[in-house]
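Scroll down for the structure; my scribbles are underneath it.
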Amino acid sequence: QAVILLQNIFASVYALESRALAKRYHKAHFQILLATFAVVYAVFIVYALLHVSEVNFFIDTQMYLLAVAVGLLFTVWTVLTFITLRYVDAAIGTLLTVLNLVAVVVISSSILGESLTPVQALGAFLLLVSILIIFKAKQSKHARHRILLATVLSMLASACFGLAITGEKYLLDRIGAPTYAVIGIGMQFLPLLFLALYYNREQFK
């Protein structure tokens with residue numbers, strides 16, 4: 001619970017800062033995401049170095065392919081989530097990420113056989129109700145259009161997130177955290193690096 005609380009605090013700060021950056025730099029999505037994720041990857045590399053004896057680069061080809069797929073799914077989720085914050089406030093954008101939870105539950109239940117307890121399911125339902133309340137609020141037609149667009153993007157992002165988290169859990173159980181820190185997170189870093197170097201590269205300034 002303490003870890004989840006910290007995660008939510010950091011996620012809130014991230015949403016606020018991402019909202020500010022997305023509004024200020026309209027063409028630098030990939031460059032901003034790359035810079036952000038470079039810091040994340042650096043933390044994982046430090047973790048891997050502290051457990052270097054457990055890092056194994058000679059994993060099955062199937063595991064490598066799955067790591068690539070998970071990396072691509074996380075990339076799509078990250079980009080769509082960042083773009084969503086261009087259309088709605090950080091508070092609403094963060095509430096829309098509740099859809100990530102639903103996607104993870106549905107997909108992990110189908111593939112890994114994991115499921116929520118009745119009490120946890122009730123909590124997830126209450127979170128979904130919060131999204132419905134957003135749509136019931138009195139807003140201008142323009143604002144409603146932007147929220148609808150953000151919701152569609154969030155739904156697509158959540159589907160990618162659910163698949164990515166399920167694949168990540170599968171990999172972690174089989175290759176271990178230190179190996180995944182290098183290979184798995186690296187496969188998430190490489191697509192962002194390619195996109196940042198290919199699209200609007202001049203935005204690095």
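Just so you know, residue 1 is the first one in the sequence shown, and it goes up from there.
- Annotation: side chain of F37 is in contact with side chain of I185 (closest heavy-atom distance under 4.5 Å).
- The backbone N or O of A181 lies less than 3.5 Å from no partner atom in the side chain of Y41, so there is not a single donor-acceptor pair.
- In this structure, L190 is a member of the same hydrophobic cluster as F194, with clusters built from ILVMFWY side-chain heavy atoms closer than 4.5 Å.
- The minimum heavy-atom distance between T179 and I59, with the atom names listed, is CG2-CG2, 4.2 Å.
- Minimum heavy-atom separation, Q188 to G71: CG-CA, 3.7 Å.
- Using a 4.5 Å heavy-atom threshold, the side chains of E168 and Y180 count as touching.
- Taking 4.5 Å as the limit, every side-chain heavy atom of F189 sits out of range of all side-chain heavy atoms of V40.
- Put simply, V13 and L33 are part of two different groups of oily side chains (I, L, V, M, F, W, Y) that touch within less than 4.5 Å, one to the next.
- Listed here is the closest heavy atom pair of T75 and P191: OG1-CB, 3.3 Å.
- The two atoms that bring L66 and G167 nearest to each other are CD2-O, 4.1 Å, heavy atoms only.
- Residues Y47 and V43 are members of separate hydrophobic clusters, defined by side-chain heavy-atom contacts under 4.5 angstrom among Ile, Leu, Val, Met, Phe, Trp and Tyr.
- Within 6.0 Å of CZ in R201 there are 12 or fewer heavy atoms belonging to other residues, nucleotides or ligands.
- Taking each heavy atom of A150 and T84 in turn, the nearest pair found is CB-CG2, 3.6 Å.
- Clustering ILVMFWY residues whenever any of their side-chain heavy atoms sit less than 4.5 angstrom apart, transitively, puts L50 in a cluster other than the one holding V55.
- For the atom pair CG (L171) and CD (Q62), the distance works out to 9.5 Å, reported to the nearest 0.5 Å.
- Heavy-atom neighbours of Y25 OH from other residues, nucleotides or ligands within 6.0 Å: at or below the threshold of 12.
- By the 30° and 60° cut-offs, the orientation of the rings of W77 relative to F161 is tilted.
- Taking 4.5 Å as the limit, some side-chain heavy atom of I83 sits within range of a side-chain heavy atom of V79.
- Looking only at distances, a side-chain donor or acceptor of Q31 sits under 3.5 Å from a matching main-chain atom of Y199.
- A pairwise comparison of heavy atoms in P178 and E54 identifies CG-OE1, 3.6 Å as the closest pair.
- In terms of modelled atom types and a separation under 3.5 Å, the side chain of Y64 and the main chain of F57 share a donor-acceptor contact.
- Note that CG of L80 is 10.5 Å distant from NE2 of H29, once rounded to the nearest 0.5 Å.
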